[in-house]
Amino acid sequence: MSWLVYSQDTIDDVFLNKQLKTANSANSQLKTLNNIVLTETNVLDSTAIKFLENKIDFALKHQDYNSALLYVNKCIKYYTFNHVNNVKAYQIAEDFQSKINKCTNKEQITKFYINYAEAATYLQKFNKSLTILNENIKRFNTEKDSSLYEYGYTYLVAGENSAKLEDIVNGAKYFNKAITLFQHQKDTISYLWSLNGLSRLFGTNGLYNEAEKVREKIFKLEPLISTKDVVVMAHITAAIDASTQKNKKDKEIFHAKKAIAQVNTVNSESKNIIKVLSYACAVYIYARHNDLKTSDEHLIVLKKLMRSYKNNSFLNTYYCLALGTNLYTHKKYEEAKQQILPVYNTVKKAKEAANVLEFEKLLAKTYEGLGNHKNALQHFKNYTHLKDSLQQRTTRKRFDYVQSLFDVEKKDFEIAKQKKNIELLSTENKLKTQWILFGGLSLVSVFTILYLLMSKKYENRKQKIQKEFSRNLLLGQEAERTRIARELHDGVGQQLSLIKTKAQNIAHTQLTHLTDDVLEEVRSISRGLYPPLLNELGLTSSLNQLIYDLDNDTDIFFTVEIDNIDNHLNKNDHVHLYRFMQESLNNIIKHAEANSVNISIKENENLIFIQIRDNGKGFDLNKIKISKSLGLKTLSERILILKGNFLIESKPSEGTILKATIPCIT
């Protein structure tokens with residue numbers, strides 16, 4: 001976004017024609033027009049822009065490519081921010097891109113790439129925008145002029161596009177580069193915009209603490225800046241982050257209020273866009289929390305603002321989500337459906353998972369309100385499937401980000417090591433001959449010890465974080481499984497039971513059978529996500545039932561010897577031991593080719609001893625390491641959560657023994 005504030009004086013086509021009549025030649029006309037366009041206090045109205053658009057071909061005809069580029073940039077900026085016709089802005093850039101290599105004005109070339117990329121971004125062509133921006137970055141890296149504002153801004157827009165594509169690793173790199181450049185240039189506003197982009201990237205990927213820390217830097221600098229654009233956007237981002245977390249209602253409303261309170265102080269080119277986003281955020285959040293009076297008040301303002309942006313797919317997404325949520329809360333389900341459905345397919349094509357998730361959830365609730373349980377169930381399934389997939393992707397991306405930090409740290413360490421080696425060689429050359437051997441060996445020894453200590457410290461730290469990450473991942477998955485199982489059982493299951501009862505009352509046999517089948521499928525999914533027997537029968541009985549079911553469903557002969565261990569573990573830990581046994585036995589069934597399995601779970605001297613022995617094909621432990629086998633690693637992590645020890649004994653053709661020792665609660 002640009003922060004330039006124009007004066008109120010405007011120029012139309014009549015004024016431009018009058019100025020050009022005094023020029024005798026084409027070159028003179030172009031020179032006169034250039035002087036007017038380059039005066040930033042001049043504001044060209046829609047008729048002047050049309051006039052200027054026609055002059056692009058005039059300049060090209062006379063092979064004045066730099067003048068044509070100047071007019072192209074002015075038109076793209078106008079259609080992107082003032083008139084908001086992103087299709088038009090993008091088309092002008094597309095038409096001119098083949099001539100850019102004939103231009104020599106470096107400043108205008110740089111602006112063209114940025115304008116071109118922004119037009120693509122607002123059309124949600126994020127990959128295309130990144131391609132354009134990376135071309136600009138290549139040029140900057142060749143010239144190596146970090147004092148140019150456009151250098152940092154290119155990285156900023158690249159970060160924004162990477163965030164849209166859910167690329168947290170590259171997005172963070174782009175934003176941090178922009179932050180560094182704007183700090184170097186002492187450009188506070190642009191520095192804050194970069195911080196805001198980074199906070200939004202962290203929040204979208206579930207790194208809420210990191211996002212909040214970055215935003216705090218923005219709020220601390222708020223009194224020192226005159227324009228509140230970035231502050232308002234930071235409040236909107238904070239409100240949306242809070243809405244995706246549990247028990248954050250106060251934060252949601254606090255930041256939504258702050259955004260609305262300060263939005264009228266925004267005075268940049270993009271002020272109307274920021275106003276739309278602020279009011280859409282407020283309408284959505286107040287409706288979510290049933291404050292319909294406040295939501296309706298903000299909706300009146302939002303509708304007026306949207307009159308100028310009906311064809312803007314970017315803003316229309318957030319407008320329809322806010323409006324649909326408001327109508328749903330008013331129980332105007334049919335109106336809500338009519339508003340949501342036209343935008344639903346556009347949102348799916350844009351492939352912004354967070355937005356798709358919100359629309360699926362809202363449609364599921366809307367259809368449920370309409371009594372259309374079939375569509376409600378379908379959209380609820382879409383929602384749960386996408387949420388599960390999104391959580392897995394987000395978890396993986398967070399892990400990639402943490403890994404990238406380790407890689408950077410490792411690289412920095414290697415650079416430091418190389419510098420130390422250079423310093424060591426320099427020192428050796430300066431020492432007297434009699435001290436060369438002694439001094440060199442001493443320095444090498446000290447450096448080697450330091451290197452080993454630092455390497456060990458680094459490795460220990462990495463292992464600790466990776467273990468903690470794996471543990472949190474399993475705990476998070478288990479919590480999410482439990483939540484989804486509860487929602488399926490309490491929400492969808494009850495609705496289906498109600499449908500079944502109604503079908504029986506009207507003697508609709510086909511619907512009754514269909515509902516029975518769907519209900520059984522939902523219950524089966526729910527049982528798979530979280531075993532209800534754990535709460536009903538306890539851990540020991542659940543394990544016996546698990547083995548009994550597997551014995552009935554397979555040809556494997558199971559022998560079992562299990563002590564009662566219900567009171568020897570915390571109830572919260574029951575599910576982890578249950579999952580350990582379930583995954584171990586499923587691995588044997590799938591991979592071991594065994595025909596008998598012996599299971600022993602014994603308690604003795606405040607320890608639980610577990611042994612699972614099969615007579616299957618076994619495997620070579622030297623070839624399959626636990627750390628590289630996802631299945632075995634998961635088993636190991638579950639025992640670590642229980643603060644126990646895990647051991648595998650196996651040889652080819654001799655079967656496998658899994659052993660685990662878990663401390664009892666005292």
Side-chain angles (χ1 to χ4, degrees), residues 1-6 80-82 84 118 121-122 153 156-157 159-160 163-164 175 178-179 182 187-204 208 211-244 248 250-288 294-295 297-306 308-309 312 314-319 321-322:
M1 295 181 181
S2 174
W3 348 109
L4 185 62
V5 181
Y6 290 110
T80 300
F81 294 108
N82 298 76
V84 190
E118 284 187 321
T121 296
Y122 280 107
Y153 189 63
L156 173 54
V157 180
E160 297 281 358
K164 294 289 185 183
F175 280 127
I179 289 167
F182 288 133
D187 186 339
T188 304
I189 299 298
S190 302
Y191 164 73
L192 293 177
W193 275 112
S194 304
L195 288 174
N196 186 61
L198 184 60
S199 74
R200 192 164 62 254
L201 177 71
F202 284 148
T204 304
Y208 299 116
E212 200 161 335
K213 287 176 185 176
V214 174
R215 271 195 300 270
E216 280 304 312
K217 296 179 182 178
I218 299 173
F219 297 142
K220 283 181 181 178
L221 289 173
E222 178 186 345
L224 303 178
I225 57 177
S226 56
T227 179
K228 303 299 181 184
D229 309 46
V230 64
V231 178
V232 172
M233 288 302 297
H235 283 301
I236 293 172
T237 304
I240 298 302
D241 277 4
S243 73
T244 61
K248 299 289 183 180
D250 290 343
K251 273 195 174 183
E252 286 183 63
I253 294 175
F254 170 79
H255 288 293
K257 277 184 178 178
K258 279 285 189 180
I260 294 296
Q262 295 181 328
V263 74
N264 288 324
T265 64
V266 173
N267 55 10
S268 72
E269 286 177 321
S270 52
K271 62 183 177 182
N272 289 330
I273 293 174
I274 294 175
K275 282 185 177 181
V276 169
L277 294 174
S278 299
Y279 280 97
C281 175
V283 170
Y284 170 76
I285 284 172
Y286 283 111
R288 258 171 53 88
T294 309
S295 181
E297 289 171 357
H298 293 317
L299 183 58
I300 293 170
V301 181
L302 178 60
K303 284 181 176 179
K304 289 179 181 178
L305 290 167
M306 279 301 295
S308 304
Y309 301 103
N312 188 306
F314 170 74
L315 294 178
N316 207 34
T317 296
Y318 300 102
Y319 169 66
L321 181 60

- Item | Leu195 side chain near Phe175 side chain, heavy-atom distance below 4.5 Å | no
- Message: Thr188: which residues meet the side chain to side chain donor-acceptor pair (under 3.5 Å) condition with it, sequence neighbours left out?
- Response: none
- Query: Side-chain contact, heavy-atom cut-off 4.5 Å: Ile240 with Thr237?
  - Reply: no
- Query: Excluding sequence neighbours, so at least two apart, what forms side chain to side chain contact (heavy atoms under 4.5 Å, CB included) with Ala259?
  - Reply: Val232, His235, Ile236, Ser278
- salt bridge (Lys or Arg N to Asp or Glu O under 4.0 Å): pairs with one or both residues in residues 275-288, sequence neighbours excluded: Glu252-Arg288
- Query: How would you list all residue pairs meeting salt bridge (Lys or Arg N to Asp or Glu O under 4.0 Å) that involve residues 211-228, not counting sequence neighbours?
  - Reply: Glu212-Lys251, Arg215-Asp241
- Flag side-chain contact, heavy atom, 4.5 Å: Tyr319 against Leu305: no
- Query: Do you know the tightest heavy-atom contact between Leu277 and Met233?
  - Reply: CD1-CE, 3.9 Å
- Residues two or more places apart in sequence or in another chain: which of them pass ring-ring contact (aromatic ring centres under 6.0 Å, His included) with Tyr279? His298
- Task: Could you tell me which non-hydrogen atom of Cys281 sits nearest to which non-hydrogen atom of Ala239, and how far apart they are?
- Result: SG-CB, 3.8 Å
- If every non-hydrogen atom of Phe182 is compared with every non-hydrogen atom of Tyr153, which pair is closest and at what distance? CZ-N, 3.3 Å
- Query: For Ala287, what residues pass the side chain to side chain contact (heavy atoms under 4.5 Å, CB included) criterion, not counting sequence neighbours?
  - Reply: Ser295, Thr325, Asn326, Thr329
- Message: Among residues at least two apart in sequence or on other chains, which ones pass ring-ring contact (aromatic ring centres under 6.0 Å, His included) with Tyr318?
- Response: Phe314
- Test side chain to side chain donor-acceptor pair (under 3.5 Å) applied to Thr294 - qualifying residues, sequence neighbours left out: Asp291
- Query: Is there a side-chain contact between Asn316 and Met306 (heavy atoms, below 4.5 Å)?
  - Reply: yes
- Where do Ala322 and Val283 come nearest, in terms of heavy atoms and distance? O-CG1, 3.6 Å
- Item | Interatomic spacing from CD1 in Ile179 to CG in Leu156 - rounded to 0.5 Å | 9.0 Å
- Task: Report the distance from atom OH of Tyr122 to atom CG of Leu315, rounding to the nearest 0.5 Å.
- Result: 8.0 Å
- Note on the structure: Note: Lys248 and Ala242 closest approach over all heavy atoms is CB-O, 3.4 Å
- Is there a side-chain contact between Ile225 and Val230 (heavy atoms, below 4.5 Å)? yes
- Query: Looking only at heavy atoms, which two atoms of Phe219 and Val231 are closest? And how far apart?
  - Reply: CE2-O, 4.2 Å
- Which residues share a side chain to side chain donor-acceptor pair (under 3.5 Å) with Asn312, sequence neighbours left out: Asn86
- Task: First locate atom CG of Asn264, then atom CD1 of Ile274, and finally report the distance between them rounded to the nearest 0.5 Å.
- Result: 12.0 Å
